[in-house]
There are 2 protein chains.
Amino acid sequence: MAEKVIYRIVQKDLRRSIIEGKYKVGDLLPSENELCSKYGISRMTVRNALNNLETEGLIERQKGKGSIVRLKRKSIELLSIKGFTEIMKGKERKIDTVFLHKPILLDWEDGFYWPLSEEEIISKCIYLKRVRMSAEKPIMMEKTYLSNMNLPSFCTEEFINKSLFDTLIVNHDIEMTGVVQKFRAIPANAELADSLQLIVGAPVLEIIRKLTTNREGFFVYSFAYCNTDDFTIEA
Amino acid sequence: MAEKVIYRIVQKDLRRSIIEGKYKVGDLLPSENELCSKYGISRMTVRNALNNLETEGLIERQKGKGSIVRLKRKSIELLSIKGFTEIMKGKERKIDTVFLHKPILLDWEDGFYWPLSEEEIISKCIYLKRVRMSAEKPIMMEKTYLSNMNLPSFCTEEFINKSLFDTLIVNHDIEMTGVVQKFRAIPANAELADSLQLIVGAPVLEIIRKLTTNREGFFVYSFAYCNTDDFTIEA
DNA sequence: TAGTGGTCTAGACCACTGC
DNA sequence: CAGTGGTCTAGACCACTAA
């Protein structure tokens with residue numbers, strides 16, 4: 001498992017140092033020539049590592065100056081909710097997350113929206129239902145489904161920061177790597193009208209998402225329904 | 001304005017050929033050695049160009065095989081429209097784009113949604129209005145605004161592939177690098193009901209976007225309104 | 001086996017930043 | 001001015017693909 005490609009080693013070393021905080025945002029990394037000496041390699045090999053870190057968004061490079069730590073990684077996992085009055089200031093409203101129940105293990109529903117692999121079906125399905133509230137008004141109702149592949153005791157463990165994604169990365173080393181998301185405006189049916197305190201037929205934003213992860217074949221599926229009278233959804 | 005950096009020239013040449021369809025998805029580009037000979041340059045310079053095209057998502061490279069055209073560009077720039085019946089197959093409907101008029105140069109509207117820089121205001125605003133049709137039914141109405149910074153003759157030139165973004169990258173070297181996008185479900189007002197052939201009050205998906213580019217201080221703003229009865233919007 | 005892209009070396013000159 | 005990253009050369013050996 002040990003990496004033998006030199007520029008990958010350098011890349012990993014520097015990445016770890018940055019993420020662990022040895023170099024902070026705004027700091028300069030060692031110069032290319034210093035890294036050449038340190039590892040005893042040629043400049044092109046060092047540049048390969050640094051170019052990749054730049055593509056990852058961890059650093060920015062400036063001619064005559066050096067490689068500057070930036071940490072501009074972008075997060076794909078969040079649907080952020082912004083109130084209209086705060087939109088221009090970029091501030092986010094205080095949003096409370098309420099679990100309608102703890103995560104539970106179920107069979108996948110018949111006719112599930114997304115096609116499922118044999119492995120996912122066998123593993124069964126962890127199901128969550130949450131509501132996001134602002135000032136005691138419901139803004140978004142979200143149903144989340146993930147397969148129970150190598151997730152020991154997931155249904156009983158406490159969530160970290162009340163966050164599914166923090167829990168997955170910290171406790172299970174699962175990181176979101178990409179997303180397919182579909183948007184529609186639909187009229188509220190009886191269930192949605194009830195959940196979101198709207199009248200039947202009012203416009204509701206539907207967001208259907210499939211998140212890919214660093215674990216092969218493991219996906220997170222989410223169906224969200226939003227009242228966007230007073231908020232927009234940023235994705 | 002002529003580019004003097006060799007690998008950028010090669011990169012631009014290949015990109016143009018791909019976007020204009022000289023090489024199609026699945027085709028192999030000339031090998032690295034062939035490109036070396038053709039341009040009379042060393043292999044590293046060619047590889048620099050190809051690496052960048054790979055990062056852009058235009059090609060994929062395979063050891064022992066070659067550089068394969070992929071066109072998996074970051075979906076930053078595209079709002080892709082998918083019909084429900086085709087969703088699972090991943091196929092996209094045939095969508096026609098109709099310009100309500102050619103791009104025109106205007107002053108920025110008072111009270112424009114996004115804050116504008118001094119430079120943008122001075123440069124004035126290029127405005128486009130387009131409608132996407134499927135089977136002669138309007139699906140999406142989109143208004144686009146960009147500042148007229150260093151865009152000689154943009155309003156008169158012919159679009160490449162009828163696409164704003166293809167034209168910006170091929171003719172002006174402007175690449176989209178990021179996006180802020182907000183989604184809402186709103187009831188159709190009279191104008192939207194008319195444009196999208198809906199009844200007033202029907203749910204309409206509103207997408208407000210600000211696209212960042214590789215050109216400092218240059219942004220593309222877009223406001224889209226979609227009838228999602230028969231289609232979803234993927235973003 | 002011939003050709004491909006992946007990795008790597010050891011040089012070189014340049015434009016730019018900061019002192 | 002010395003040091004930085006940006007560009008470029010002309011080689012080399014490797015692992016992989018396809019005929």
Side-chain angles (χ1 to χ4, degrees), chain A residues 1-15 17-18 23-72, chain B residues 1-15 17-18 23-72 173 175 177 214-216:
Chain A
M1 193 57 185
E3 187 64 68
K4 51 188 172 293
V5 178
I6 303 176
Y7 77 88
R8 293 258 175 229
I9 297 174
V10 178
Q11 188 179 335
K12 263 176 92 167
D13 283 356
L14 292 171
R15 183 165 50 207
S17 297
I18 292 170
Y23 302 108
K24 300 193 174 58
V25 172
D27 285 359
L28 287 175
L29 294 187
S31 76
E32 298 185 353
N33 284 324
E34 283 171 336
L35 290 169
C36 291
S37 312
K38 180 178 171 191
Y39 287 92
I41 56 181
S42 82
R43 206 173 140 217
M44 203 219 105
T45 306
V46 166
R47 283 184 61 75
N48 205 346
L50 292 172
N51 284 338
N52 290 338
L53 291 176
E54 189 173 26
T55 300
E56 288 179 31
L58 291 178
I59 65 171
E60 175 190 322
R61 309 170 80 203
Q62 268 184 44
K63 207 188 299 194
K65 207 168 176 193
S67 301
I68 309 158
V69 175
R70 284 296 180 220
L71 274 175
K72 294 257 184 248
Chain B
M1 193 54 187
E3 186 64 68
K4 50 192 174 294
V5 177
I6 304 176
Y7 78 87
R8 292 263 175 223
I9 298 175
V10 179
Q11 188 178 335
K12 258 178 93 166
D13 284 356
L14 291 172
R15 183 165 56 206
S17 297
I18 292 170
Y23 303 108
K24 299 192 176 58
V25 172
D27 286 358
L28 287 176
L29 293 187
S31 76
E32 297 185 354
N33 285 323
E34 282 170 336
L35 291 169
C36 291
S37 311
K38 179 177 171 192
Y39 287 91
I41 57 182
S42 81
R43 202 169 145 220
M44 203 218 104
T45 306
V46 166
R47 283 183 60 78
N48 204 345
L50 292 172
N51 284 338
N52 290 338
L53 291 175
E54 187 172 29
T55 300
E56 287 179 30
L58 291 178
I59 64 170
E60 175 191 321
R61 311 170 78 203
Q62 267 185 44
K63 208 188 298 195
K65 207 169 178 192
S67 300
I68 309 158
V69 175
R70 283 298 180 219
L71 275 175
K72 292 234 187 284
D173 258 328
E175 187 187 359
T177 54
N214 57 351
R215 190 181 286 186
E216 185 78 20

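Below, chain A is the first sequence line, B the second, and so on; all start at residue 1. Nothing here was measured: the structure is a model prediction, and the numbers come from that model.
For DNA chain C, each stem of at least three Watson-Crick or G-U pairs (distances under 3.5 Å) is given as range with range: C:1-16 with D:3-18.
Between A/Asn33 atom CG and D/dG5 atom P there is a gap of 7 Å when expressed in whole angstrom units. Rounded to an integer number of Å, the gap from A/Glu60 CD to D/dG6 P is 11 Å. Atom-to-atom, CD of B/Glu54 to C1' of C/dG6 comes out at 11 Å; the value is rounded to the nearest Å. We find that CG of B/Leu35 is positioned 10 Å from P of C/dT4, with the value rounded to whole Å. In this structure, NZ of B/Lys4 is placed 11 Å from C1' of C/dA15, rounded to the nearest angstrom. Atom-to-atom, CD of A/Glu34 to C1' of D/dG3 comes out at 10 Å; the value is rounded to the nearest Å. In this entry the distance linking CG of B/Leu28 with P of C/dG3 reads 15 Å, nearest Å. As a whole-Å value, the separation of B/Arg8 CZ from D/dC8 C1' is 15 Å.
Side-chain nitrogen and oxygen atoms of A/Ser31 include none within less than 4.0 Å of the OP1 or OP2 phosphate oxygen of D/dG3. Contact annotation: B/Arg61 reaches the phosphate of C/dG6 (side-chain N/O to OP1 or OP2, under 4.0 Å). Proximity of A/Tyr7 to the phosphate of C/dC8: no side-chain N or O atom is located under 4.0 Å from OP1 or OP2.
Contacts of A/Glu60 classified as salt bridge (Lys or Arg N to Asp or Glu O under 4.0 Å), with partners at least two apart in sequence or in another chain: A/Arg70. Evaluation of the side-chain contact (heavy atoms from CB on, under 4.5 Å) rule for B/Ser37 yields no partner, not counting sequence neighbours. The side-chain hydrogen bond (donor to acceptor under 3.5 Å, both in side chains) check on B/Asn214 picks up nothing, with sequence neighbours excluded. For B/Arg8, there are no salt bridge (Lys or Arg N to Asp or Glu O under 4.0 Å) partners, not counting sequence neighbours. When the side-chain hydrogen bond (donor to acceptor under 3.5 Å, both in side chains) test is applied to A/Asp13, the partners found at least two apart in sequence or on another chain are A/Tyr39. When the salt bridge (Lys or Arg N to Asp or Glu O under 4.0 Å) test is applied to B/Lys12, the partners found at least two apart in sequence or on another chain are B/Asp173. Partners of B/Ser31 under the side-chain contact (heavy atoms from CB on, under 4.5 Å) rule, at least two apart in sequence or in another chain, are B/Asn33, B/Glu34. Partners of B/Asn48 by side-chain hydrogen bond (donor to acceptor under 3.5 Å, both in side chains), not counting sequence neighbours: none found.
Of all the residues in residues 36-51 of chain A, A/Arg43, A/Arg47 reach under 4.0 Å from DNA chain D with at least one non-hydrogen atom.
The salt bridge (charged side-chain N to carboxylate O under 4.0 Å, His left out) contacts involving residues 37-46 of chain B comprise B/Glu32-B/Arg43, where partners must be two or more places apart or lie in separate chains.
In this structure, the separation between OG on B/Ser67 and CD1 on B/Ile18 is 9.0 Å, given to the nearest 0.5 Å.
Each of B/Gln11, B/Arg47, B/Arg15 was compared with B/Asn52 under the side-chain hydrogen bond (donor to acceptor under 3.5 Å, both in side chains) criterion, and only B/Gln11 meets it.
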- Query: In B/S/- notation, 5' to 3', how is nucleotides 14-19 of chain D contacted by protein heavy atoms closer than 4.0 Å?
  - Reply: -BBBS-

